[in-house]
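Let me begin by presenting the structure, written as structure tokens, before commenting on it.
Note on naming: letters A, B, ... go to the chains in the order of the sequence lines (proteins, then strands), and numbering restarts at 1 for each one.
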2 protein chains.
Amino acid sequence: MSGNPNGDRRSARRQETLAEIVAAAWEMVAEHGLAGLSMRDLGDRVGMRAQSLYSYFASKNKIYDAMFMEGYQAFSAWMEATDDPRFRADPARPARLLAHRFVEFCTIDPVRYQLLFQRTIPGFEPSPESYAVALKAYENARERLADSGLRDQETTDLWTAMLTGLADQQISNDPGGDRWERLVDRAVDLLLADPQTHPHTESDKA
Amino acid sequence: MSGNPNGDRRSARRQETLAEIVAAAWEMVAEHGLAGLSMRDLGDRVGMRAQSLYSYFASKNKIYDAMFMEGYQAFSAWMEATDDPRFRADPARPARLLAHRFVEFCTIDPVRYQLLFQRTIPGFEPSPESYAVALKAYENARERLADSGLRDQETTDLWTAMLTGLADQQISNDPGGDRWERLVDRAVDLLLADPQTHPHTESDKA
DNA sequence: GTCTATAGAATGATAGAC
DNA sequence: GTCTATCATTCTATAGAC
């Protein structure tokens, strides 16, 4: 749109600063918890006064919003990576991979998990744009799960509960370990072996 | 120890006030979230100035601590109630009852669930006395679970993850409904039917 | 775009009169 | 045991100079 090279350069510089602020915000919440994000300290961290941050984000919640969107983009990208053609033949493996991938995503960054999958920030609501990114991520995950043979709502609900439960216990009670993570395969196999998971097995065989 | 009837009466009065403050605190966090407990508002609620609360609790965290202990006492009492002799004969039912009872305890009061089973209050650590109550509650629950046939650590870990996962999804995504709660039976049966749950079945039959 | 200055409001907690 | 007065912070956010 803009034929002005200076405009492009300025815009690029601005994008860099925006990204730098968000990166510093991730650092901060990793250290002080999700609620421990303070404009003053965030300003210190990127080398400006807290008030100057308002040139980039209209409010603190806009920063959470940017983190929220970035988090779901990362989630989509992370789950994309399980689309490995080598495992398409085996009916059990894709589900296991999917499950491990999900639990890993959660345990790698507990604060991100909290921001994306739990609701613990008092006044924060994601913007429509960010929420759209989240919805798309969920839809992708649902489709991939369907490819693994888990289709009906009750089964996918149980799947979700099991995996978030495992991730949550892992994060809360054995951070850095694998006491719950190593139960992922067993949980997945349990669900795949359940007759209720495949209510139409007979017709599927035809 | 004190033979002074006035002392007893004063002590009783004090206990009443302590209980009243904690009850008001539960009300407050139910309305404004776990972090939304403010000494000023709490004072208003019990009809005294915020500063006067410090005659009863040395700090805000001491109030959280009292709630924590009360919560685990409630948990023990709640799980005791499943000790129904009528169901001891059926090997499947005690586990189902136990599971339902647990999930109900969580969903009935989400804020209490958050205080007891998640770690979301920044500076709060339970006191040794409160923690002892929590440990005893866990030990009781573990024994009851063992009576239901779930004994090895991996299985009880999976049990915990499944049920907290179901409770969490229920609270977060369908408050007041039963979309996840109605999956409890299926989850329990899945675990009971799993061969890995009874690694020593042969010798048990002897 | 960044700064200083500052508003405006909330917080948890203490000291000391009564 | 409750009060008034107050401290000492923290916080988000705005106004306006440069």
* Asked: OP1 or OP2 of D:dC3 less than 4.0 angstrom from a side-chain nitrogen or oxygen of B:S52, does that happen here?
  -> yes
In 5'-to-3' order, the base (B), backbone-only (S) or no-contact (-) status of each nucleotide in nucleotides 6-18 of chain D, using a 4.0 angstrom heavy-atom cut-off, is B----BBBB----
Residue set satisfying salt bridge (Lys or Arg N to Asp or Glu O under 4.0 Å) with B:D109, at least two apart, ordered chain then number -> none
Next item on the list: Classify the nucleic acid contact of B:R14 as base, sugar-phosphate or nothing, counting any heavy atom under 4.0 Å across all strands shown.
Entry: sugar-phosphate
To the nearest angstrom, the CD1-C1' distance between B:I63 and C:dT11 comes to 14 Å
To the nearest angstrom, the CG-C1' distance between A:D44 and C:dC3 comes to 14 Å
Which side-chain N or O atoms in residues 133-140 of chain B pair as donor and acceptor under 3.5 Å with protein atoms at least two apart or in another chain?
unit_1: B:Y138; atom_1: OH; unit_2: B:Y72; atom_2: OH; d: 2.6
unit_1: B:E139; atom_1: OE1; unit_2: B:R142; atom_2: NE; d: 3.4
unit_1: B:E139; atom_1: OE2; unit_2: B:R142; atom_2: NH2; d: 3.1

Atom CE of A:M48 and atom C1' of C:dT4 are separated, to the nearest Å, by 16 Å
Between CZ of B:F57 and P of C:dT14 the distance, given in whole Å, is 16 Å
Acceptor/donor pairs from residues 182-195 of chain A side chains to any protein atom, 3.5 angstrom cut, sequence neighbours excluded:
unit_1: A:R182; atom_1: NE; unit_2: B:E154; atom_2: OE2; d: 3.4
unit_1: A:D185; atom_1: OD1; unit_2: A:H100; atom_2: NE2; d: 2.9
unit_1: A:R186; atom_1: NE; unit_2: B:D194; atom_2: OD2; d: 2.8
unit_1: A:R186; atom_1: NH2; unit_2: B:T155; atom_2: OG1; d: 3.1
unit_1: A:R186; atom_1: NH2; unit_2: B:D194; atom_2: OD2; d: 3.2
unit_1: A:R186; atom_1: NH2; unit_2: B:T197; atom_2: OG1; d: 3.2
unit_1: A:D189; atom_1: OD1; unit_2: A:R96; atom_2: NE; d: 3.1
unit_1: A:D189; atom_1: OD2; unit_2: A:R96; atom_2: NH2; d: 2.4
unit_1: A:D194; atom_1: OD1; unit_2: A:Q196; atom_2: N; d: 3.3
unit_1: A:D194; atom_1: OD2; unit_2: B:R186; atom_2: NE; d: 2.8
unit_1: A:D194; atom_1: OD2; unit_2: B:R186; atom_2: NH2; d: 3.2

Side chains of A:S127 and A:S130: donor-acceptor distance under 3.5 Å anywhere?
-> yes
Rounded to whole Å, the OH-P distance (B:Y56 to C:dA13) equals 18 Å
note: A:L18, atom CG; C:dT2, atom P; distance rounded to Å ~ 11 Å
Donor-acceptor list for residues 33-44 of chain A side chains, cut-off 3.5 Å, not counting sequence neighbours:
unit_1: A:S38; atom_1: OG; unit_2: A:R40; atom_2: N; d: 3.3
unit_1: A:S38; atom_1: OG; unit_2: A:D41; atom_2: N; d: 3.2

Contacts satisfying side chain to side chain donor-acceptor pair (under 3.5 Å) that involve residues 17-31 of chain A (not counting sequence neighbours) are A:R13-A:T17, A:W26-A:E70, A:E27-A:R45, A:E31-A:R45
Winner on side-chain proximity to B:S55, out of D:dT2, D:dT4, C:dC3, is D:dT2
